[in-house]
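What follows is a set of notes on a single structure, which appears directly below.
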Protein chains: 2
Amino acid sequence: MRNKTSPDLSAAPSITPGDAGQPADIMDERVRRSRAAVLTATAELLFERGYSGVSVDEISRRSGVAKTTIYRHWPARTDLLRDACANIGTPQTTPDLGSLRADIAALMAALGEALTTARWTSVLPSIIDAGERAPEMADMYRRLQQGYSAPFETVIRRGIARGELPADTDVAALVAALIGPLFYRRWFSREPLTEGFVREIIRLAVG
Amino acid sequence: MRNKTSPDLSAAPSITPGDAGQPADIMDERVRRSRAAVLTATAELLFERGYSGVSVDEISRRSGVAKTTIYRHWPARTDLLRDACANIGTPQTTPDLGSLRADIAALMAALGEALTTARWTSVLPSIIDAGERAPEMADMYRRLQQGYSAPFETVIRRGIARGELPADTDVAALVAALIGPLFYRRWFSREPLTEGFVREIIRLAVG
DNA sequence: CAGTTACGCTACGATACCGTATCGTATTAT
DNA sequence: ATAATACGATACGGTATCGTAGCGTAACTG
């Protein structure tokens with residue numbers, strides 16, 4: 001009845017790209033296993049070699065999933081890479097500790113920790129590079145980025161509402177003044193990202 | 001007498017990598033032309049496709065210089081790319097306008113201008129990506145980076161000497177607080193980098 | 001002007017990669 | 001159990017790399 005070449009995921013309309021239209025618990029067990037193994041191996045390779053250094057053949061070798069099977073799930077290499085990149089990053093939660101200073105301190109400490117320890121930080125430049133030329137990669141990255149900036153915006157807006165910041169505060173600029181220097185240290189100046197440095201940046205921005 | 005495969009540059013000891021041991025005015029005219037054409041085409045390709053998207057064959061096509069000639073000048077693709085990358089960027093001068101605020105304003109305006117207009121900004125993520133895995137690319141990038149940060153450090157140190165900043169100012173952190181947010185806007189958040197934004201960042205850092 | 005030197009061209013060999021086709025087998029759902 | 005479905009293995013065809021070899025020609029230098 002159906003096309004024989006691609007796993008059946010048509011029962012529910014496709015929502016996310018890369019054919020994950022079916023909730024994971026209804027999905028055929030074999031499909032779930034293959035997809036997970038492939039995405040894990042892809043992430044691993046991304047960490048090691050960056051976006052442009054990942055090949056489907058190597059993903060197949062590393063994951064133990066046949067290359068043909070990979071192409072049954074993702075129509076092209078770029079679709080697979082987009083899916084894999086969309087799931088990297090350290091999920092951030094929005095603190096609510098009662099004061100702007102405390103919330104900012106918590107967010108900045110978490111960000112500093114992620115930037116110095118998380119493996120995905122080595123991939124990000126290559127993802128941004130891909131986004132410089134591929135609009136759909138830029139879209140995907142935008143969502144990743146907002147996962148980091150949104151909590152900052154939230155706590156800053158709360159701070160404004162509480163009167164801890166002027167009503168005409170430039171929220172986006174303040175976010176940049178907080179996150180920017182940390183990113184700068186990790187990827188551009190490559191100096192050590194210490195707690196003292198983070199404190200100093202906080203002091204300058206909302207001191 | 002000599003090896004027939006590689007241009008003769010042995011009269012003076014090699015100083016810079018990628019065989020530019022000979023000053024440009026003593027160099028054989030043909031060598032000078034070839035090197036220049038290749039480096040120009042390479043830079044062009046870097047702007048268009050990023051570090052990992054540049055191939056020697058395409059450089060040869062684009063520059064009109066035979067691939068064999070390219071390999072007579074650079075032993076490997078990576079050496080050529082390193083040379084080409086080392087010359088991108090907008091050379092920065094260190095202002096001396098009498099006050100810290102004026103110097104900072106001048107530097108930040110120039111940086112903001114470069115980040116919004118210069119073509120090399122699209123290549124930088126791929127260079128940083130290369131540096132994440134290749135130490136010699138990281139070294140090359142470090143020199144590029146210092147071209148931007150050094151003028152900031154200079155004017156800040158002068159400001160400290162003048163008493164415009166506390167003697168215990170964390171110079172590196174202040175540089176990060178100034179440059180970081182601008183870099184953040186250009187490559188990470190991709191929001192418009194306006195003069196108002198630059199002013200706000202300056203105000204927060206040295207307000 | 002003569003000898004040296006750099007260059008262009010073509011042709012390689014080797015490798016890596018993308019994406020597809022085919023066919024038989026194993027697993028899952030019904 | 002049985003039919004539907006996903007998977008694995010192998011083998012492709014096509015392209016794009018990297019880097020080298022050989023040979024004739026053009027250009028520069030002294």
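Chain identifiers are assigned alphabetically (A, B, ...) following the order of the sequence lines, protein sequences preceding nucleic acid strands; residue numbering begins at 1 within each chain.
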Handout entry: Phosphate contact (C:dA6 OP1 or OP2) by B:His73 side-chain N/O below 4.0 Å
Key = no
Handout entry: Side chain of A:Asp28 - closest among D:dC18, C:dG19, D:dA6
Key = D:dA6
Handout entry: Phosphate OP1/OP2 of D:dA6: any A:Thr69 side-chain N/O under 4.0 Å
Key = no
Fill in the blank from the handout: Separation of D:dG19 atom P from B:Leu80 atom CG, nearest Å, is 10 Å
Exercise for the section: Could you state the atom-to-atom distance from CE of A:Met27 to C1' of C:dT27 in whole Å? Expected result: 17 Å
Practice task
Send over the distance from B:Arg32 CZ to C:dC7 P, rounded to a whole Å.
Solution key: 12 Å
Practice task
Mark yes or no for a side-chain to base donor-acceptor pair under 3.5 Å between B:Lys67 and C:dG8, with no hydrogen or angle criteria applied.
Solution key: no
Problem - A:Arg199 (side chain) donor-acceptor with A:Thr194 (main chain) under 3.5 angstrom - result: no
Practice task
Give the rounded distance in Å between these two atoms: CZ of A:Arg61 and C1' of C:dT15.
Solution key: 12 Å
Fill in the blank from the handout: Looking only at C:dC9, C:dC18, D:dG19, the nucleotide nearest the A:Arg77 side chain is C:dC18
Practice task
Output yes when B:Arg186 and A:Glu132 qualify as a salt bridge under the 4.0 Å nitrogen-oxygen rule, no when they do not.
Solution key: yes
Handout entry: Whichever of B:Arg33 and B:Asp57 has its nearest DNA chain D nucleotide further upstream toward 5'
Key = B:Asp57
Practice task
Whole angstrom is fine here: how far is it from CD in B:Glu58 over to C1' in D:dT15?
Solution key: 14 Å
Exercise for the section: Consider only side-chain N and O atoms of B:Gln145 and A:Tyr184, and report whether a donor and an acceptor are under 3.5 Å apart. Expected result: yes
Problem - Spacing between A:Tyr71 atom OH and D:dT10 atom P, to the nearest angstrom - result: 19 Å
Practice task
Whole angstrom is fine here: how far is it from CG in A:Leu81 over to P in C:dC17?
Solution key: 13 Å
Exercise for the section: Tell me what B:Arg30 touches on the nucleic acid: a base, only sugar-phosphate, or nothing, going by heavy atoms under 4.0 Å. Expected result: base
Problem - Rounded distance in Å - CH2 (A:Trp74) to P (C:dC18) - result: 14 Å
Practice task
Please confirm whether the backbone N or O of A:Val206 pairs with a side-chain atom of A:Arg101, one donor and one acceptor, at under 3.5 Å?
Solution key: yes
Exercise for the section: Look at all strands and tell whether B:Gly53 reaches a base, only sugar-phosphate, or nothing, counting heavy atoms closer than 4.0 Å. Expected result: nothing
Handout entry: Along DNA chain D (nearest heavy atom to each residue), the more 5'-positioned of B:Glu29 and A:Val65
Key = A:Val65
Handout entry: Minimum-distance nucleotide (side-chain atoms of A:Thr68 versus D:dG19, C:dT22, D:dC28)
Key = C:dT22
Handout entry: A:Glu48/A:Arg119 salt bridge by N-O under 4.0 Å criterion
Key = no
Exercise for the section: Report yes or no: is there a donor-acceptor pair, N or O only, under 3.5 Å between the side chain of B:Arg72 and the base of D:dG19? Expected result: no
Exercise for the section: Considering just the side-chain nitrogens and oxygens of A:Ser55, establish if one lies under 4.0 Å of OP1 or OP2 belonging to C:dA16. Expected result: no
